[in-house]
Amino acid sequence: MGACLALCSLASCASCLCGSAPCLLCGCCPSSNNSTITRLVFSFFLLLGTMVSVIMILPGMETQLRKIPGFCQGGVTIPGVENQVNCDVIVGYKSVYRMCFAMTCFFFLFSVIMIRVRSSRDPRAAIQNGFWFFKFLILVGITVGAFFIPDGTFHTVWFYFGAVGSFIFILIQLILLIDFAHSWNKVWVENAENSDNKCWFAGLLTFTILYYALAITAVVLFYVYYTQPDDCTEHKVFISLNLIFCIFISILSILPKIQEAQPHSGLLQASLISLYTMYVTWSAMTNNPDRKCNPSLLSLVSNVSVTEPSGDSNPGQVQWWDAQGIVGLIIFLFCTLYASIRSSSNTQVNKLMQTEEGKGSGGEGVVGEDGILRAVDNEEDGVTYSYSFFHFHLCLASLYIMMTLTNWYQPDTSTQAMRSSMPAVWVKMSSSWLGLGLYLWTLIAPLIFPDRDFS
């Protein structure tokens, strides 16, 4: 009897893994929409790959692997057994590049396959919303194949792909933050007006002041620790320009004309964008190869003076884990989760993100003929988000994770080391300026095109 129950359970799992509708999460969220669950599962694939990359790049991982008898080339040997595994590839920055290369290829493949899917009646929608076991096998297969790519110029070329992809993803992150702040401000203001409870306004004011306080504190610390009286001219320009830009958009967001055209615009959005801009500025300055202008966090905390490395020092000794990388991962996790569950009413953001206005949860889960609880198919009349653009977003996220975990260091094929580089600095700063330009556009677009709907 127990064996029969086990077989039935396995059959149910197989239906979930191979069927045309996602039921993996329906036990936890039976009223969720088909579109939401699908995005969450694909995001889980991305987060799983990120976790594997983090484990591979942990300090000392290669040393521990070499202690396994008969495993790594050059490690502990077993008589009669030849060590076959090149541990230089399966750990460190090389493994992160290959893992993220596999995830990028996986999501890019689905981005191409899902072009112009209009509703769940399209046969390709069944591939999007089901067959998870086979999709997982495809990801594993691409990952295994990526580790057999010869070194050569692969890492150098892929670094530039990562820089370009990360540049675009930083802009997408900013768009998501703008949307989040817009929705947040709109909901709290409506709650305050409907309930006559001033605590909602107090909450908005508190968070706005907090974000501005953090942004101003960051500017002061940047001038103190990332500039020198007679040096670091680029940093002084970066900090000053972004400070001026943030003040400008803050003033612009509360002008009467802007408020009339955009009733829900305000200082909350401007404060959040200002804080994010300061983070990107900090992240850019930490990639400056000039150590006088780029002190490590450890030297700042321990009050150790920073000296230029000597010519015979090991260039491969790099700091994989630093504060800006950890903050970057946290922001990435938030934006990935928000992109998976967002249901926005902002017309501008929906057009940029290729999504439709949220239509609610769609009711309770549906029990299929096989007795399995399945999510609501809310896309029979039309998809609520662009399948292709969602996968392209995850494709860019994979490149961003690669660059973040390796601190945007550029591989040096001659020394097999990782070095900071100025191109990474300019990519990040350019993305911050373009991002501020996008936010500026969301403010002034209703004034320039009054006949269009920008609500």
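Quick caveat: nothing in here was measured; it's all calculated off a predicted structure.
Counting heavy-atom neighbours within 6.0 Å of F44 CZ, excluding the residue itself, gives a total of 12 or less. By the 6.0 Å contact criterion, CZ on F45 is enclosed, its count of non-hydrogen atoms from other residues, nucleotides or ligands being greater than 12. When the shell of 6.0 Å around OH of Y223 is examined, it contains more than 12 heavy atoms from other residues, nucleotides or ligands.
From I172, atom CD1 reaches atom OG of S166 across 11.0 Å, with rounding to the nearest 0.5 Å. T277 contributes atom OG1, which lies 6.0 Å from atom CD1 of I249 (distance to the nearest 0.5 angstrom). Atoms CE and CD1, from M51 and I401 in turn, are 12.5 Å apart once rounded to the nearest 0.5 Å. Between the CG atom of L394 and the CZ atom of F106 there is a distance of 9.5 Å, given to the nearest 0.5 Å. We find the CD1-CG distance between I273 and L177 to be 5.5 Å, quoted to the nearest 0.5 Å. Distance CD1/I115 to CZ/F392: 11.0 Å, rounded to 0.5 Å.
The shortest distance between side-chain heavy atoms of S111 and C395 does not fall below 4.5 Å. I168 places none of its side-chain heavy atoms less than 4.5 Å from the side chain of Y400. Contact check for I138 versus I142: side-chain heavy atoms found under the 4.5 Å cut-off. When side chains are defined from C-beta on, M285 does not count as touching V425, because their heavy atoms never get closer than 4.5 Å. The shortest distance between side-chain heavy atoms of S432 and F245 does not fall below 4.5 Å. M99 places none of its side-chain heavy atoms less than 4.5 Å from the side chain of S95. With contacts defined as side-chain heavy-atom distances shorter than 4.5 Å, the pair S274/Y211 does not qualify. The closest side-chain heavy-atom distance from R39 to Q128 is not below 4.5 Å.
Residues T227 and H235 share a closest heavy-atom pair of CG2-CB, 4.0 Å. Nearest approach of G435 to L171, heavy atoms of both residues: N-CD2, 3.6 Å. Taking each heavy atom of M278 and A215 in turn, the nearest pair found is CG-O, 4.1 Å. When all heavy atoms of S253 and I258 are compared, the closest pair comes out as O-CG2, 4.0 Å. The shortest heavy-atom contact between L174 and L436 is CD2-N, 3.9 Å. A pairwise comparison of heavy atoms in G266 and Y439 identifies O-OH, 3.9 Å as the closest pair.
Here F180 pairs with W184, F334, Y338 under the ring pair (Phe, Tyr, Trp, His ring centres under 6.0 Å) rule; sequence neighbours left out. Under the side chain to side chain donor-acceptor pair (under 3.5 Å) criterion, T281 pairs with N242, sequence neighbours left out. Residues satisfying the ring pair (Phe, Tyr, Trp, His ring centres under 6.0 Å) criterion with Y387, sequence neighbours excluded, are Y385. Under the salt bridge (Lys or Arg N to Asp or Glu O under 4.0 Å) criterion, R118 pairs with no residue, sequence neighbours left out. Contacts of F42 classified as ring pair (Phe, Tyr, Trp, His ring centres under 6.0 Å), with partners at least two apart in sequence or in another chain: F110, W132, H391. Residues satisfying the ring pair (Phe, Tyr, Trp, His ring centres under 6.0 Å) criterion with F108, sequence neighbours excluded, are absent altogether.
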Next on the checklist: Quick one, F154 with F101, criterion ring pair (Phe, Tyr, Trp, His ring centres under 6.0 Å). Give me CA distance, side-chain angles, the key distance, then yes/no.
Outcome noted: CA-CA 10 Å; F154 168 74; F101 172 81; 5.5 Å; yes
Next on the checklist: One pair to check against side-chain contact (heavy atoms from CB on, under 4.5 Å): I444 and L252. What are the steps and the verdict?
Outcome noted: CA-CA 9 Å; I444 65 175; L252 190 66; 4.0 Å; yes
Next on the checklist: Under the criterion side-chain contact (heavy atoms from CB on, under 4.5 Å), I'd like the reasoning laid out for F161 against T104: C-alpha separation, chi angles, the key distance, then a yes or no.
Outcome noted: CA-CA 10 Å; F161 273 94; T104 302; over 6 Å; no
Next on the checklist: Applying side-chain contact (heavy atoms from CB on, under 4.5 Å) to L396 and F107, what does each step give before you reach the verdict?
Outcome noted: CA-CA 9 Å; L396 297 177; F107 290 119; over 6 Å; no
Checklist entry - Can you list the steps and then say if F159 with M403 is a side-chain contact (heavy atoms from CB on, under 4.5 Å)? => result CA-CA 8 Å; F159 167 82; M403 301 301 288; 3.4 Å; yes
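In this structure, Y226 and F222 have perpendicular ring planes: the angle between them is above 60°, well past the 30° mark. Between Y279 and W282, the ring-plane angle classifies as perpendicular under the 30° and 60° cut-offs.
Ring centroids of F169 and H393 are separated by less than 6.0 Å, placing the two rings close together. Aromatic pair F238/W426: ring centres closer than 6.0 Å.
Between the side chain of R98 and the backbone N or O of A146 there is at least one donor-acceptor pair closer than 3.5 Å. Side-chain atoms of K292 never come within 3.5 Å of backbone atoms of Q228 as a donor-acceptor pair (strictly under, hydrogens ignored).
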